[in-house]
Amino acid sequence: MADSAQAQKLVYLVTGGCGFLGEHVVRMLLQREPRLGELRVFDLHLGPWLEELKTGPVRVTAIQGDVTQAHEVAAAVAGAHVVIHTAGLVDVFGRASPKTIHEVNVQGTRNVIEACVQNGTRFLVYTSSMEVVGPNTKGHPFYRGNEDTPYEAVHRHPYPCSKALAEWLVLEANGRKVCGGLPLVTCALRPTGIYGEGHQIMRDFYRQGLRLGGRLFRAIPASVEHGRVYVGNVAWMHVLAARELEQRAALMGGQVYFCYDGSPYKSYEDFNMEFLGPCGLRLVGARPLVPYWLLVFLAALNVLLQWLLRPLLLYAPLLNPYTLAVANTTFTVSTDKAQRHFGYEPLFSWEDSRTRTILWVQATGGSAQ
Ligand SMILES: NC(=O)C1=CN([C@@H]2O[C@H](COP(=O)(O)OP(=O)(O)OC[C@H]3O[C@@H](n4cnc5c(N)ncnc54)[C@H](O)[C@@H]3O)[C@@H](O)[C@H]2O)C=CC1
Ligand SMILES: C[C@@H](CO)CCC[C@@H](C)[C@H]1CC[C@H]2[C@@H]3[C@H](O)CC4=CC(=O)CC[C@]4(C)[C@H]3CC[C@]12C
């Protein structure tokens with residue numbers, strides 16, 4: 001697709017294109033990818049908002065499908081130049097079984113790779129996660145780390161296990177000959193905790209705060225820092241990476257990139273208050289109001305309750321030993337690898353990202369949407 005035709009229009013496929021991140025990737029491609037000729041949006045559940053996109057100048061094709069079904073993925077990939085594979089089962093709360101998480105995240109990714117190989121699709125960008133690195137089960141801090149920082153990555157939970165395995169598959173596939181004989185070029189992007197318009201957990205915290213009379217209670221020390229990244233910048237990074245993969249195949253192929261922007265390093269709760277504060281909530285307590293040992297106990301109790309209640313109902317609260325460990329461990333990234341390799345600069349400043357998120361929480365937080 002190189003210089004033979006600068007004006008050649010490209011077919012992009014976004015898997016998981018109706019999810020929180022996927023929708024932003026889809027909209028970003030339509031706004032910022034001049035070579036886009038057709039955009040295929042593949043998802044298990046198609047969003048009604050796709051309809052309005054179908055009236056624009058670029059052909060938008062909605063494909064309801066399941067990444068675990070190889071034939072459905074193959075049909076969607078046929079004829080695509082670039083695949084952005086963002087579909088995944090994001091579950092750290094025990095809603096889905098480990099088997100299902102593995103099937104979607106690992107087998108689904110395998111199906112995407114094989115479909116690229118069979119169909120001669122050469123460019124694949126995979127949405128990985130910071131979770132493939134850590135936090136590890138020992139709670140070691142990862143402080144301002146980059147892609148080369150040594151860290152003891154130990155995965156036990158099904159979600160990070162599945163993301164690590166899927167990322168490995170994607171990177172290992174780099175250089176494989178696709179149908180037609182040319183090499184596949186792949187890279188993986190590792191977002192930290194994503195926030196922005198559409199962030200379900202943010203909305204849940206907002207609603208919880210409203211129920212508690214406009215208050216949230218500090219549970220995690222303010223000194224535990226998290227790296228967070230705005231969804232618009234994560235989407236922009238995907239679009240740029242996909243665009244540059246061909247020209248910079250030797251440099252970018254088989255590489256991983258953390259997703260980063262100018263969002264401040266703060267504790268998970270203090271960071272959320274950047275948005276929930278202006279929406280009228282306040283975080284009570286300069287220090288955690290419950291002792292850590294009690295949180296550990298409650299997290300363990302939640303696991304027991306989940307197990308006991310499983311025959312009757314799905315009990316999947318936010319607090320469990322894994323989420324507590326993640327929330328309570330510093331994990332921040334500081335890197336310029338994406339800037340050096342493919343010229344990434346955040347599209348949205350921290351101020352813009354903050355304002356957009358606040359407006360979204362205000363607009364939808366109290367409603368049933
Ligand atoms: N939300 C976060 O903070 C982070 C997310 N990620 C990764 O980003 C990607 C997108 O995550 P989010 O947008 O947050 O999640 P999401 O749940 O909003 O989006 C995932 C999308 O994948 C679709 N999907 C799930 N199973 C599927 C299947 N079997 N076949 C086809 N589509 C399927 C869902 O319907 C959904 O639209 C995931 O791969 C996740 O692992 C990585 C780092 C952080
Ligand atoms: C102990 C509670 C007191 O208020 C707070 C619980 C917060 C947790 C639900 C979140 C804290 C950190 C989040 C994770 C982190 O942002 C990294 C992630 C990366 C992903 O790829 C998927 C989502 C997540 C695991 C994210 C999930 C929610 C938290 C554990």
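The figures here come from the full heavy-atom set of this structure, side chains too, leaving out hydrogens, waters and symmetry mates.
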Please identify which of these residues, E147, E152, R190, meets the side-chain contact (heavy atoms from CB on, under 4.5 Å) condition with V133. R190

Compute whether any side-chain donor of one residue and acceptor of the other, for R144 and T332, lie under 3.5 angstrom apart. yes

For K177, what residues pass the salt bridge (Lys or Arg N to Asp or Glu O under 4.0 Å) criterion, not counting sequence neighbours? none

Under a plain distance cut-off of 3.5 Å, with no hydrogens placed, do Q200 and R203 share a side-chain donor-acceptor pair? yes

Indicate the atoms forming the closest heavy-atom contact of P221 with N328, along with that distance. CD-OD1, 3.5 Å

Looking at R354 and E351, is there a salt bridge between them, counting it only when a charged N and a carboxylate O are closer than 4.0 Å? no

Tell me yes or no: between the side chains of N146 and T149, is some donor less than 3.5 Å from an acceptor? yes

Quick one: sort the F20 and H199 rings into parallel, tilted or perpendicular, breaks at 30° and 60°. parallel

Compute whether any side-chain donor of one residue and acceptor of the other, for Q107 and N111, lie under 3.5 angstrom apart. yes

Considering only NZ, NE, NH1 and NH2 on the basic side and carboxylate oxygens on the acidic side, decide whether E167 and K163 come within less than 4.0 Å. no

Linking Ile, Leu, Val, Met, Phe, Trp and Tyr by side-chain heavy atoms under 4.5 Å, what else ends up with F217? L212, V284, L289

May I ask you to decide if E269's main-chain N or O and R218's side chain share a donor-acceptor pair within less than 3.5 Å? no

Give the table of side-chain donor-acceptor pairs shorter than 3.5 Å for residues 254-264, with sequence neighbours excluded, one pair per line with atom names and distance.
unit_1: Q255; atom_1: OE1; unit_2: K337; atom_2: NZ; d: 2.6
unit_1: Y257; atom_1: OH; unit_2: H341; atom_2: ND1; d: 2.8
unit_1: Y260; atom_1: OH; unit_2: A338; atom_2: N; d: 3.4
unit_1: Y260; atom_1: OH; unit_2: Q339; atom_2: N; d: 3.1
unit_1: D261; atom_1: OD1; unit_2: S263; atom_2: N; d: 3.0
unit_1: D261; atom_1: OD1; unit_2: S263; atom_2: OG; d: 2.7
unit_1: D261; atom_1: OD2; unit_2: Y230; atom_2: N; d: 2.9
unit_1: D261; atom_1: OD2; unit_2: N233; atom_2: ND2; d: 2.9
unit_1: S263; atom_1: OG; unit_2: Y195; atom_2: OH; d: 2.7

Is R243 positioned over the aromatic face of F342, cation under 6.0 angstrom from the ring centre and no more than 45 degrees off axis? no

